[in-house]
There are 2 protein chains.
Amino acid sequence: MNLGHTKGTDMLESKECPDCKRINEVLTRVGDRWSLLVIISLSEYGTLRFNELKRNLGISQRMLSLTLKKLERDGLVHRTYHPTIPPKVEYKLTQMGKSFREPVSAIGSWALDNLIKIDKAREKYDVTVGS
Amino acid sequence: MNLGHTKGTDMLESKECPDCKRINEVLTRVGDRWSLLVIISLSEYGTLRFNELKRNLGISQRMLSLTLKKLERDGLVHRTYHPTIPPKVEYKLTQMGKSFREPVSAIGSWALDNLIKIDKAREKYDVTVGS
DNA sequence: CCGTATCCGATCAGATACTG
DNA sequence: CAGTATCTGATCGGATACGG
């Protein structure tokens, strides 16, 4: 893949990777664990209520509230408030949120595929270092 | 996409999303910002020395050291020590690290493509809330 | 049901100083 | 050059209590 930076003879002379700075920015915004998990959940189920997400993820009320507000602000999640009694609030992905699904799912799938490998590598490393 | 969990009539009745718990685990390990940026850098340049990474990412010495050790332990990065004077240490992706390249690059590309959109959504949100 | 407010411990992450 | 050690502030994140 190509993230768009300049490759060439000055490859290692650049003071800083410009893309990394920008990627860093975005990761700071939507790259935290809870955001990714909320995105994954919504991409799986389509629409979820506040407490459904809470139960699904095992996230605290506080973190879910903060995460959802942030995702809504960033335009990744749409919030629908139904002023019934008791109130009902539904969350779903926006267009941009949906476009985020693919890369996030790629991470998720890789995660599921490599958890065991990581555990083994870690075990091996610890034995080697411990000797 | 399908992360492998059971879909069906009990979709919303499951107490917790089992995949989310496992994905959460992996994200806890290799999902932090510095790890992702190191992976991206190494996938771009192939092999980098400690200070090259440091300059590229604008990361502090401490965090880079911790991040690299963690990635090496998890089997994603390979470390080669050349006992010269001055010493020279090179880092590159392992096979598993390379397999992580694709999903991580997908995140990176999406990030570069959507930074501006996020900024606009945020601006719009702030105006709406502020009124 | 859907949050917000507060408190508090745990972890993150930079700055600085030091070693082989 | 390639780290480690220590200190310190910032942020994360759970628990609890409360309100619309």
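Reminder, nothing fancy here: chain letters follow the sequence lines and each chain counts from 1.
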Decide whether E72(B) and H78(B) meet the rule of one side-chain donor and one side-chain acceptor closer than 3.5 Å. no

Rounded to whole Å, the CD-C1' distance (E52(A) to dG3(C)) equals 16 Å

Could you tell me whether the side chain of D126(B) reaches within less than 4.5 Å of the side chain of R73(A), counting heavy atoms only? yes

For R49(A) against P87(A), the heavy-atom pair lying closest together: NH2-O, 3.5 Å

M63(B) CE to dT11(C) C1', straight-line distance once rounded to whole Å: 10 Å

Taken to the nearest whole Å, NZ/K88(A) to P/dC2(C) is 9 Å

Is the closest basic N to carboxylate O distance between K70(B) and D32(B) below 4.0 Å? yes

I want to verify a distance call: between dC2(C), dG20(C), dG14(D), whose nearest atom is closest to the P87(B) side chain? dG20(C)

Whole Å only: how far is the CG atom of L64(A) from the P atom of dG14(D)? 11 Å

L27(B) CG to dC12(D) P, in whole Å, measures 16 Å

Under 4.0 Å, heavy atom to any atom of DNA chain C: which of residues 70-81 of chain B qualify? none

Could you run down the sub-3.5 Å N/O contacts of the protein with nucleotides 4-7 of chain C?
from, atom 1, to, atom 2, distance (Å)
dT4(C), OP1, K69(A), NZ, 3.0
dT4(C), OP2, S65(A), OG, 2.2

Given 3.5 Å as the limit, does a donor-acceptor pair link the side chain of T94(A) with the main chain of G75(A), or not? yes

Rounded to whole Å, CH2 of W34(B) lies from C1' of dT11(D) at a distance of 15 Å

Check whether any side-chain heavy atom of R101(A) lies under 4.5 Å from a side-chain heavy atom of L93(A), and answer yes or no. yes

Side-chain contact check for N51(A): nearest option of dC1(C), dC1(D), dG3(C) is dC1(C)

Separation of atom CG in L36(A) from atom C1' in dC12(D), rounded to whole Å: 15 Å

Using Watson-Crick and G-U wobble pairs with both distances under 3.5 Å, what is the 5'-to-3' dot-bracket string of DNA chain C, with [ ] for crossing pairs and | for pairs outside the strand? |.||||||||||||||||||

Could you check if a side-chain atom of L66(A) sits within less than 4.5 angstrom of a side-chain atom of M63(A), using non-hydrogen atoms only? yes

Tell me: CG of L53(A) to C1' of dG3(C), nearest whole Å? 14 Å

For L57(A) and S41(A), the nearest pair of non-hydrogen atoms, with its separation, is CD2-OG, 3.4 Å

